[in-house]
Amino acid sequence: MLSVKQELLAALAVELDKLSPGAGARAAFESPKVAAHGDWACTAAMQLAKALKTPPRQLGEQLQTALLATNAYQQWVDAIDIAGPGFLNIRLKPAAKQQVVREVLGERERFGWQPDRGEKILVEFVSANPTGPLHVGHGRQAALGDAICNLYATQGWQVHREFYYNDAGVQIDTLTQSTRLRAQGVKPGDAGWPEAAYNGDYIQDIADAFLARATVQADDRAFTASGDVGDYDNVRQFAVAYLRNEQDKDLQAFALKFDEYYLESSLYANGYVEATVQRLVANGKTYEKDGALWLRSTDYGDDKDRVMRKSDGHYTYFVPDVAYHVQKFKRGYTKAVNIQGTDHHGTIARVRAGLQAADVGIPQGYPDYVLHTMVRVVKGGEEVKISKRAGSYVTLRDLIEWTSKDAVRFFLLSRKPDTEYTFDVDLAIAQNNDNPVYYVQYAHARICSVLRGWRDDGDEAQLASVDLSPLTSEPAQALMLQLAKYPDMLTAAATGNAPHDVTFYLRDLAASYHSYYDAERILVDDEPVKLARLALVAATRQVLENGLALLGVSAPQRM
RNA sequence: GCGUCUGUAGCUCGAUGGAUAGAGUAUCGGCCUCCGAAGCCGAGGGUCGUGGGUUCGAAUCCCGCCAGACGCACCA
């Protein structure tokens with residue numbers, strides 16, 4: 001079923017094509033900021049004026065006449081005004097705005113979703129190496145990635161959540177060495193404790209568990225310690241499994257589940273790294289210099305050519321990264337999104353260059369990157385320095401335990417990814433309305449309370465087909481317009497990889513509801529009026545719940 | 001020095017090239033005998049870093065400058 005907006009846009013497109021063939025493809029409505037400018041506005045007359053060599057207001061009049069003659073506009077539109085340089089300001093009939101209530105109550109949790117497009121998207125995020133607990137920065141990535149995945153699902157994508165990590169590099173050697181030394185009783189600061197070792201107390205916990213021959217279970221592996229400190233490989237495998245298990249607990253506390261854990265070591269084991277290098281060499285995209293193998297990445301817009309194979313024979317880190325992305329594409333993911341800190345931005349050009357040079361049909365600009373700034377943490381008015389080596393941490397789990405999963409998620413999604421962000425622990429701990437999640441959740445709980453006041457079971461299914469014509473007041477119409485914006489908001493948020501759009505939308509929707517609640521009593525004696533208002537309020541509750549679910553935040557019935 | 005990103009209300013931030021730049025917070029003033037006041041209504045508060053350009057129209061696009069963050073290894 002087409003929404004009112006879709007019907008009106010379709011009719012507009014027909015008229016625009018009559019004026020200028022092809023113009024219909026750009027048919028669009030804007031939502032004016034000022035109520036006096038109508039419910040929707042169209043700027044097509046101004047945009048077409050030059051090409052058609054016709055004054056925009058004259059074009060506007062032609063459009064106005066043509067549109068008002070169509071069935072769709074006669075059914076739904078009250079008036080079209082021409083204003084300013086050539087805006088078409090459209091004022092909807094109340095019945096047009098009321099339709100969204102029926103749509104929401106009919107489609108429920110699927111309101112605003114697009115049909116399945118039969119394409120797969122892979123979103124790679126968190127991807128923390130198993131050398132320590134997840135910290136607040138990983139939390140930002142977890143919140144962003146999960147919400148972005150949910151957004152793509154609403155747009156008809158089949159979404160795959162992937163966690164990539166290095167289980168065999170230099171950092172793992174450092175972890176293994178640190179654990180062995182701790183197991184042997186050597187501590188940070190002692191003679192024989194290396195400068196490069198990890199100093200955190202959690203290393204001692206791993207060492208103790210290793211000596212106790214503990215068994216650890218993680219999402220992607222399980223391992224039992226031998227207790228033999230001399231067995232380097234056994235210590236390594238145990239330490240990795242132990243920290244993966246710790247990270248899984250962090251992710252569980254955040255209510256986040258990955259579909260797959262992908263190991264960098266597997267790219268070597270399966271020969272993908274070697275195959276990728278050979279492909280690049282065969283394509284003539286490499287050269288030897290100073291005993292190293294270089295990629296001609298400058299051919300694809302990179303600053304400088306990059307070393308692929310060092311003179312000691314090892315590959316640099318971006319080579320397996322290129323192999324990994326070739327595999328993503330071969331696995332059928334026509335779209336890939338990587339979520340990383342801005343400190344990784346330098347790698348984007350060379351990975352994309354490698355993918356183009358491999359020449360296996362990967363489109364330019366693959367993969368997408370969402371870069372987020374690092375999170376600073378302030379506690380008690382002072383910045384908490386995060387240092388893996390010194391072991392000073394605010395872990396993600398600390399933060400969730402101090403506050404709540406809902407507060408941390410909403411907090412971390414309350415601004416653009418590239419905005420520098422200071423996480424004020426005291427503010428997040430405070431259970432007051434400084435944290436906007438309470439404002440939105442309160443609106444939801446308040447609606448549930450009204451529904452309970454109507455019927456003990458609050459069964460919204462009863463409201464899906466009530467007569468909506470009593471919904472004509474200003475606050476009711478404002479609320480319905482806000483509900484109708486939800487589907488377009490989802491599309492924009494997904495295409496822009498911008499979950500904060502959802503956060504701001506929910507804030508606005510909650511505000512519209514609170515205003516409505518204050519202006520109009522819902523449980524009145526007049527039965528038809530009461531049912532119509534209950535339907536509006538139930539639809540609002542549904543959209544609040546849907547939006548919060550996208551962010552991974554619960555919608556409580558009581559607070 | 002080179003590259004990427006960011007400069008908007010006292011503070012924290014938002015704004016598919018559209019009309020009078022918006023929220024929250026803080027400050028001040030109103031609203032609970034009535035569905036949840038974790039709420040609502042109102043007031044004050046702006047050189048959109050800065051100087052040019054593009055066009056019917058620029059916070060938004062282009063160029064210069066200033067300031068900040070992050071990168072600039074045969075590290076990951």
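All values reported here derive from a predicted model rather than from experimental measurement. Here is the naming used below: chain letters follow the sequence lines, and residue numbers restart at 1 for every chain.
- Taking the ring axis of A/Y517 as reference, the NZ or CZ atom of A/R446 stays within 45° of it and closer than 6.0 Å to the ring centre.
- A/Q462 places no side-chain N or O within 3.5 Å of a backbone atom of A/D459 that could act as its donor or acceptor partner.
- Within 6.0 Å of atom CD in A/Q557, 12 or fewer heavy atoms from other residues, nucleotides or ligands are found, so the atom counts as exposed in its surroundings.
- Side-chain N or O atoms of A/R296 include none that pairs as donor or acceptor with a backbone N or O of A/Y287 at under 3.5 Å.
- A donor-acceptor pair under 3.5 Å is formed between the side chain of A/D305 and the backbone N or O of A/T298.
- Judged by the 6.0 Å distance and 45° axis criteria, A/R352 is not positioned over the aromatic ring of A/Y300.
- Put simply, the side chain of A/H444 never gets that close to the backbone of A/V440: no donor and acceptor are under 3.5 Å apart.
- Contact annotation for A/F504: backbone-only contact, meaning every heavy-atom pair under 4.0 Å involves sugar-phosphate atoms and none involves a base.
- Using atom C1' as the reference point in both B/C70 and B/G17, the two lie 29 Å apart (nearest Å).
- Nucleic acid contact for A/Q441: none, since no nucleic acid atom lies under 4.0 Å from a heavy atom of the residue.
- What separates CG of A/L48 from P of B/G18 is a distance of 16 Å, to the nearest Å.
- Nucleotide B/C56: paired with B/G18 (Watson-Crick or G-U wobble, both distances less than 3.5 Å).
- Residue A/N89 is classed as a base contact, given a heavy-atom separation below 4.0 Å to a base.
- The P atoms of B/C28 and B/U60 are separated by 36 Å, rounded to the nearest whole Å.
- Shown here, B/C2 forms a base pair with B/G71; the pair counts as Watson-Crick or G-U wobble because both key distances fall under 3.5 Å.
- Using a 4.0 Å heavy-atom criterion, one finds that A/R521 contacts the bases of the nucleic acid, with or without backbone contacts as well.
- Using a 4.0 Å heavy-atom distance criterion, A/H314 is classed as making no nucleic acid contact.
- B/G10: Watson-Crick or G-U partner is B/U25, with both key distances under 3.5 Å.
- In this structure, the side chains of A/V277 and A/L293 come closer than 4.5 Å at one or more pairs of heavy atoms.
- Atoms OH (A/Y421) and P (B/G14) sit 11 Å apart, rounded to a whole Å.
- Put simply, the side chain of A/H138 gets close to the backbone of A/H135: a donor and an acceptor are under 3.5 Å apart.
- Base orientation of B/C32: syn (glycosidic angle within 90° of 0).
- Comparing the same atom, P, in B/A9 and in B/C63 gives a spacing of 25 Å after rounding to whole Å.
- The CG atom of A/L479 lies 4.5 Å from the CG atom of A/L536; values are rounded to the nearest 0.5 Å.
- With a cut-off of 3.5 Å on both pairing distances, the Watson-Crick or G-U wobble partner of B/C40 is B/G30.
- Taking atom NZ on A/K485 and atom P on B/U16, their separation rounds to 12 Å, with Å as the unit.
- Contacts between residues 507-516 of chain A and RNA chain B, defined by a heavy-atom separation below 4.0 Å, involve A/R507, A/H514, A/S515, listed by number.
- The residue A/A445 sits close to a base: some heavy atom pair falls under 4.0 Å.
- Looking at which nucleotide of RNA chain B each of A/H500 and A/V34 is closest to, the 5′-most match is held by A/H500.
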Walk along nucleotides 69-76 of chain B from 5' to 3' and tag each nucleotide B, S or - by protein heavy-atom contact under 4.0 Å, base first, then sugar-phosphate.
SBSS-BSB
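- A/A349 comes within contact range of no nucleotide atom at all, as no heavy-atom separation falls under 4.0 Å.
- At a threshold of 4.0 angstrom between heavy atoms, the contacts of A/M559 include nucleobase atoms, whether or not backbone atoms are also involved.
- Residue A/Q340 is out of contact with every strand shown, counting any heavy-atom pair closer than 4.0 Å.
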